[in-house]
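The figures here come from the full heavy-atom set of this structure, side chains too, leaving out hydrogens, waters and symmetry mates. Order of listing sets the numbers, starting from 1, for every ligand and every atom in it.
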Amino acid sequence: MDRIIIRGGKPLSGKLPVSGAKNAALTLLPCALLTDEPVTLRNLPRLADVDSFGHLLNQLGVSTMIEGARPEDFGRVMTLRAGRVTSTVAPYDIVRKMRASILVLGPLLARAGEATVSLPGGCAIGNRPIDLHLKALEAFGAIIEITAGYVKASAPDGGLPGGNYSFPVVSVGATENALMAAVLANGISRLENAAREPEIVDLCRLLVAMGAEIEGIGTDTLIVHGKPRLHGATYAVMPDRIEAGSYACAAAITGGDLELVGASAEDMHAILAGLREAGVHIEEKRGSIRVAADGRLKPLTLSTAPFPAFPTDMQAQFMAMLTLADGASVLTETIFENRYMHVPELARMGADITVNGRTAVVRGVAGLTGAPVMATDLRASMSLVLAGLAAQGETQVNRVYHLDRGYERLEEKLQAVGADIERASDG
Ligand code: EPZ
């Protein structure tokens with residue numbers, strides 16, 4: 001297993017390129033199943049999860065071709081062709097490693113009229129059920145049964161009729177599956193209390209480019225006029241707002257000054273507002289965002305919630321940054337039930353954090369000390385890297401395969417702006 005070694009205490013400065021968004025890519029890729037024509041995705045991030053999703057699509061009969069990717073380039077161009085869907089089964093051994101595999105359920109149901117997808121099971125940050133995915137698809141006319149750990153879904157002869165569903169809880173993935181099922185339904189479908197994350201907007205934009213008709217894009221009420229078929233398209237994946245936010249925290253925690261090239265401020269209002277409130281200088285420029293530390297960080301009171309509120313995927317990174325603030329911060333995690341596994345690892349580096357249920361109190365300390373730490377999930381891993389960048393001494397982050405799922409060429413990007421960071425392999 002690889003590990004990341006960081007010798008901290010160096011302010012970061014310079015330009016850092018932001019990659020295509022992981023959480024957009026993982027819902028754009030399965031759209032290839034919705035047409036027999038080629039779909040070309042540009043600015044696709046070079047990530048383990050993107051590769052895993054490509055392998056799953058290959059098993060379903062989708063050809064995937066990477067074009068024009070020079071090793072030094074960030075992002076890739078991939079053309080996907082689902083001329084014929086040769087399998088409608090997403091097996092357990094794939095789904096258990098990458099829960100986003102569940103996002104083939106809606107498109108397979110829409111295109112092939114059936115799907116057999118393993119239940120994804122829980123993960124480190126929570127139980128993460130898929131009941132809302134299934135309820136939305138049933139509302140659109142799907143017949144769903146669960147047997148032996150698999151979801152077996154089928155559409156009536158002639159395809160899904162479409163229908164209406166109001167989500168009791170905002171769910172990004174369930175909104176995505178429902179949208180991808182509705183675009184080929186026979187009628188009109190309406191989703192209420194739908195997720196509004198920028199990745200949902202990216203999905204809608206690709207679907208419209210493929211010939212879908214969707215009203216209310218960007219709002220919590222989506223109306224889809226089903227079409228008999230969709231055509232191919234070429235589409236560029238949106239920039240990753242969570243990666244950009246993570247590196248913004250790197251500038252803040254190291255007392256640095258970074259220009260995040262390619263970042264889209266319109267997707268990051270809550271993140272940028274939090275940084276500004278913490279005393280960080282933010283300058284929104286054309287095609288980039290400048291983030292510069294400006295004196296000691298100020299403490300914050302923050303609660304995670306669905307977009308446009310402060311994203312749960314930035315909670316761990318903000319916590320790392322706030323360990324050095326001038327006072328006590330209060331963070332509340334309302335989305336996932338177990339998203340504080342970075343806390344004991346940060347504490348080993350000298351952070352002073354008390355967790356009580358969904359709330360964490362982070363009392364600022366004068367400095368952190370490098371230590372060997374263990375990554376447990378993707379964003380927790382990034383919070384440990386951020387702490388290591390600020391800490392005096394050496395930090396070893398173990399199990400960096402978590403990081404490779406969501407951060408394209410992390411150590412290269414950080415080395416280029418002055419970090420003393422390297423990857424070591426255990427062979
Ligand atoms: C997506 O996960 C993201 N993953 C997550 O990012 C992100 O944290 C999450 O949305 C929230 O923004 C991808 O896009 C691949 P949800 P998803 O359905 O779709 C409950 C990262 O670090 N729920 O919006 O799985 C669920 O338990 C990852 O990049 C149900 O109860 O999240 C949670 O409490 C982590 N039933 C809440 O809703 C369901 O059927 C929000 O989950 C579905 C969800």
Review point. For ligand 1, is there an N or O atom under 3.5 Å from any N or O atom of Asp313?
Key: yes
Review point. Hey, are the side chains of Asn23 and Met238 touching, using non-hydrogen atoms and a 4.5 Å cut-off?
Key: no
Point to revise | Proximal candidate to atom 41 (C) of ligand 1 [heavy atom criterion; set Asp131, Asp377, Ile335] | key: Ile335
Check your understanding: At a 4.0 Å threshold, what atoms of ligand 1 neighbour a non-hydrogen atom of His133?
Key -> 40 (O)
Check your understanding: Under 3.5 Å, N or O to N or O, is Arg128 touching ligand 1 that way?
Key -> yes
Practice item. Run the numbers for me: atoms of ligand 1, each under 4.0 Å from some heavy atom of Arg379, listed by number. Key: 21 (C), 22 (O), 29 (O)
Practice item. Examine the side chains of Gln59 and Ser87 and answer whether a donor and an acceptor come within less than 3.5 Å of each other. Key: no
Practice item. In plain terms, say whether Arg46 and Glu408 are close enough for a salt bridge, that is, a side-chain N and a carboxylate O under 4.0 Å apart. Key: yes
Exercise for review: Provide, to 0.1 Å, the distance between atom 18 (O) of ligand 1 and the closest protein heavy atom, together with that atom's residue and name.
Suggested key: Ser171 OG, 2.7 Å
Practice item. Return yes when atom CZ of Arg409 has more than 12 non-hydrogen atoms of other residues, nucleotides or ligands closer than 6.0 Å, and no otherwise. Key: yes
**Study point:** Residue part near ligand 1, for Arg339, under 4.0 Å between non-hydrogen atoms
**Key:** side chain
Study note, to complete from the structure: of all protein heavy atoms, closest to atom 11 (C) of ligand 1 is Thr312 CG2, 3.9 Å
Check your understanding: When rounded to the nearest 0.5 angstrom, what is the spacing between CE in Met210 and NZ in Lys227?
Key -> 14.0 Å
Study note, to complete from the structure: So the atoms of ligand 1 within less than 4.0 Å of a heavy atom of Lys22 turn out to be 21 (C), 29 (O)
Review point. Heavy atoms, side chains only, cut-off 4.5 Å: are Tyr340 and Gln315 in contact?
Key: yes
Exercise for review: Using a strict cut-off of 4.0 Å, indicate which atoms of ligand 1 neighbour a heavy atom of Gly173.
Suggested key: 18 (O), 19 (O)
Exercise for review: Would you verify that at least one protein heavy atom lies under 4.0 Å from atom 20 (C) of ligand 1, or report that none does?
Suggested key: no
Check your understanding: Which residue owns the protein heavy atom closest to atom 38 (O) of ligand 1, what's the atom, and how far is it?
Key -> Val169 CG1, 3.8 Å
Check your understanding: Can you tell me the protein heavy atom closest to atom 32 (O) of ligand 1 and the distance?
Key -> Phe336 CZ, 4.1 Å
Check your understanding: Do Arg241 and Glu199 meet the salt-bridge criterion of a basic N to acidic O distance under 4.0 Å?
Key -> yes
Check your understanding: Does the N or O separation between Pro129 and ligand 1 drop below 3.5 Å for any pair?
Key -> yes
Revision key, fill the gap. Interatomic distance, CD1@Ile271 vs OG@Ser246, rounded to 0.5 Å, equals 8.0 Å
Practice item. Check each heavy atom of Ala174 against ligand 1 and say whether those closer than 4.0 Å belong to the side chain, the backbone, both or neither. Key: neither
Review point. Atom NZ in Lys285, atom CD in Glu259: separation rounded to 0.5 Å?
Key: 4.0 Å
**Study point:** Structural part of Val172 in contact with ligand 1, heavy atom criterion under 4.0 angstrom
**Key:** both
Check your understanding: With a 4.0 Å heavy-atom cut-off (strictly under), which part of Leu132 contacts ligand 1: side chain, backbone, both or neither?
Key -> both
Exercise for review: Using atom types as modelled and distance alone, determine if a side-chain donor or acceptor of Glu345 lies under 3.5 Å from a backbone N or O of Met374.
Suggested key: yes
Check your understanding: Counting only N and O atoms by type, is there a donor-acceptor contact under 3.5 Å from the side chain of Asn177 to the main-chain atoms of Gly106?
Key -> yes
Review point. Would you say ligand 1 has an N or O under 3.5 Å from any N or O of Asn23?
Key: yes
